[in-house]
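Please read all numbers here as calculations on a predicted model, not as lab measurements.
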Amino acid sequence: MTEQIVQPASIAPPFSRQELRELVRSQLQMLLEQQNFQGVKALLVPVQPADIAEAIEGLPDTMQALAFRLLSKDEAIEVYENLDSSVQQTLIEDFKRQDVLDIVDKMSPDDRARLFDELPAKVVRRLLSQMSSQERQATALLLGYEADTAGRIMTPEYIALKETWSISRALEHIRNRADISETVYYLYVTDSARRLTGILSLRHLVMGQPEQTIGDIMTREVVSVQTDTDQEEVAQLIQRYDFLAVPIVDTEQRLVGIVTVDDVIDILEEEATEDIYALGGVQSGGDNYFQTNLLTVARKRVVWLSVLLLTNTVTTWVIRSQEAILEQVVVLAAFIPLLIGTGGNVGAQSSTVVIRGINTQEIGNKSAFSVIRREAIAGAFLGIMLGVVVTGWAFLLQGSLSVSVVVGISLVAIAILASTAGAALPFLFSAIGFDPALMSAPFITTVVDVLGVLIYLNLARYILQL
């Protein structure tokens with residue numbers, strides 16, 4: 001019986017990109033189950049390496065290595081670079097030693113260094129010992145820099161020219177080295193000591209006259225970063241200036257590598273994920289959260305939950321200290337969850353926008369006062385709008401105008417307090433060197449809960465004359 005193979009290239013809209021990826025994955029799994037290996041090869045011919053990597057990641061563990069082995073050697077290298085680190089490790093364990101060496105040896109040095117960061121030290125030492133001397137040296141260079149720095153994520157595969165070269169000689173040099181360079185769109189000019197002296201684009205090079213020298217057309221004002229610069233700063237630099245790559249220099253201004261925009265996209269995603277996890281009190285540790293052992297996940301998440309549990313005992317103590325008021329007007333207790341819950345949400349909104357602004361450098365510590373004042377005013381507007389609704393709702397539920405007024409006014413005060421705390425605490429923690437995303441959430445919750453209950457019950461004492 002002839003098996004039908006639907007290739008993604010033949011499928012037109014209305015299929016979305018995600019639907020096409022899922023279609024490739026499902027067909028790939030079906031063909032592997034049927035052991036139709038020629039069908040697998042035909043299916044993957046028109047598929048991009050990144051999409052093949054995603055399809056392989058979606059397969060059962062027992063099929064991942066089998067699907068990967070059916071790729072051609074050149075395609076396997078590109079696909080392997082796009083795989084999640086956990087899948088890369090699984091494939092290394094499944095492959096024969098020579099299979100692994102052939103793939104790892106051909107990877108880009110920066111991708112290889114990223115892989116080695118995830119592998120056990122014993123495996124890394126074994127792979128390094130078997131690699132070619134040139135690739136081993138390139139990888140060791142990157143691994144020698146601190147994690148999360150420009151030196152660790154750069155690639156030493158770039159094209160360097162000399163000022164005295166003619167354009168025709170430079171073009172010949174590019175043709176000889178283009179296949180081993182990460183990018184040819186930016187060309188770097190160095191002196192005899194490898195110090196970075198200029199830069200030019202491939203476009204400017206091909207538009208020049210053959211007899212002109214590189215020194216005649218290059219730009220001498222070069223934006224570069226040091227090897228010890230934080231990777232997030234490098235990403236922000238490339239994003240700000242719309243670079244395709246940025247040169248990396250050592251302390252003596254010698255060119256040692258470049259960071260390209262594709263690496264920056266990965267960095268921005270990693271940093272955004274880290275910040276989002278921190279806002280939720282989840283410690284990812286750099287691992288893929290959904291592929292991490294559940295016991296490990298629980299152990300990481302319980303830390304901040306324990307902190308919140310302890311801080312919430314303060315709220316319990318405050319409520320107990322006001323038992324006399326609650327005993328006189330029991331209905332007041334019914335609105336405590338509503339008030340502190342709303343306050344917590346308002347505070348979380350303010351802290352989220354402020355933390356994001358700090359991380360993107362849209363706002364800094366110098367503008368802290370104006371940002372806090374702006375959020376406090378926004379909190380007042382929110383409190384008034386929500387307070388009117390809650391006052392009416394409380395009156396409908398309880399039929400007591402005085403209690404309804406207490407609830408409404410308290411909500412206005414708590415919203416202002418929450419917005420102010422949500423905006424101020426990230427600046428405070430940033431100023432003293434703590435991660436604002438990680439530290440703000442539990443403290444905002446504590447401030448809003450404790451002070452919110454105090455505000456509410458004391459307003460009740462005053463307005464109701466208890």
side-chain contact (heavy atoms from CB on, under 4.5 Å) evaluation trace for R356 with T352: CA-CA 6 Å; R356 185 59 181 164; T352 298; 5.5 Å; no
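- Looking at heavy atoms from C-beta onward, Q29 lies in side-chain contact with M63 at the 4.5 angstrom threshold.
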Determine all donor-acceptor pairs shorter than 3.5 Å in which one atom belongs to a side chain in residues 197-206; sequence neighbours excluded.
| from | atom 1 | to | atom 2 | distance (Å) |
| --- | --- | --- | --- | --- |
| T197 | OG1 | V189 | O | 3.2 |
| S201 | OG | H204 | N | 3.2 |
| S201 | OG | H204 | ND1 | 2.7 |

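- Side-chain contact between V256 and M154: present, with at least one pair of heavy atoms (C-beta onward) separated by less than 4.5 Å.
- Contact of the F68 side chain with the L83 side chain is registered, since non-hydrogen atoms from C-beta on lie closer than 4.5 Å.
- Between A55 and L28 the shortest heavy-atom distance is CB-CD2, 4.2 Å.
- Within a 6.0 Å radius of CZ in F369, no more than 12 heavy atoms belonging to other residues, nucleotides or ligands are found.
- The shortest heavy-atom contact between I267 and A235 is CG2-CB, 4.1 Å.
- Atom CD of E75 is separated from atom CD1 of I52 by 4.0 Å, given to the nearest 0.5 angstrom.
- At a threshold of 4.5 Å between non-hydrogen side-chain atoms, the residues I167 and I217 count as touching.
- In this view, W165 and H173 satisfy the ring pair (Phe, Tyr, Trp, His ring centres under 6.0 Å) rule, not counting sequence neighbours.
- Under a 3.5 Å cut-off, the side chain of Y186 and the backbone N or O of V246 do not form any donor-acceptor pair.
- Atom CG of D266 sits about 9.5 Å away from atom CD1 of I153, to the nearest 0.5 Å.
- Panel note: side chain R177, backbone I159; no donor-acceptor pair is recorded below 3.5 Å.
- To the nearest 0.5 Å, atom OG of residue S108 and atom CD1 of residue I180 are 12.0 Å apart.
- Within the 4.5 Å cutoff, the side chain of T164 has no heavy atoms near those of the T213 side chain.
- Applying the side chain to side chain contact (heavy atoms under 4.5 Å, CB included) test between T155 and each of T183, L142, I248, I258 identifies I258 as the sole match.
- The shortest side-chain heavy-atom distance between V353 and Q349 does not fall under the 4.5 Å cut-off.
- Annotation: the span from R25 atom CZ to E57 atom CD amounts to 12.0 Å, rounded to 0.5 Å.
- Between R169 and E172 no salt bridge is recorded (no basic side-chain N to carboxylate O distance below 4.0 Å).
- With S350 contributing its side chain and G347 its backbone, the two residues share no donor-acceptor pair below 3.5 Å.
- A 4.5 Å side-chain heavy-atom check between Q34 and L31 finds at least one atom pair inside the cut-off.
- The neighbour count for E33 CD, taken as heavy atoms of other residues, nucleotides or ligands under 6.0 Å away, is above 12.
- Every residue meeting the side-chain hydrogen bond (donor to acceptor under 3.5 Å, both in side chains) condition with K162, not counting sequence neighbours, appears here in chain and number order: T190.
- With sequence neighbours excluded, the residues satisfying ring pair (Phe, Tyr, Trp, His ring centres under 6.0 Å) with F243 are Y241.
- For CZ of R194, the number of neighbouring non-hydrogen atoms (other residues, nucleotides, ligands) closer than 6.0 Å is greater than 12.
- Within the structure, salt bridge (charged side-chain N to carboxylate O under 4.0 Å, His left out) contacts touching residues 422-432 (residues at least two apart or in different chains) do not occur.
- V261 and I238 get closest at one heavy-atom pair: CG2-CG2, 4.3 Å.
- Counting heavy atoms from C-beta outward, F427 and I358 have side chains that approach closer than 4.5 Å.
- Here the shortest heavy-atom pairing between A150 and V225 reads CB-CG2, 4.3 Å.
- A donor atom on one side chain and an acceptor atom on the other are not found under 3.5 Å apart for R240 and Q236.
- Atom CD1 in I174 sits 4.5 Å away from atom CG in L187 (nearest 0.5 Å).
- Of all heavy-atom pairs spanning S166 and P210, the tightest one is CB-O, 3.7 Å.
- Under a 4.0 Å N-O distance rule, the pair R220/E163 qualifies as a salt bridge.
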Under the criterion side-chain contact (heavy atoms from CB on, under 4.5 Å), I'd like the reasoning laid out for Q226 against T229: C-alpha separation, chi angles, the key distance, then a yes or no. CA-CA 5 Å; Q226 298 279 338; T229 303; 3.8 Å; yes
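- The shortest heavy-atom contact between P49 and E78 is CG-OE1, 3.7 Å.
- Pairs of residues two or more places apart, or lying in two chains, that qualify as side chain to side chain donor-acceptor pair (under 3.5 Å) and include a residue from residues 246-260 are D250-R254, T260-D262, T260-D263.
- Between atom CD1 of residue I340 and atom CG of residue N345 there is a gap of 11.0 Å, rounded to the nearest 0.5 Å.
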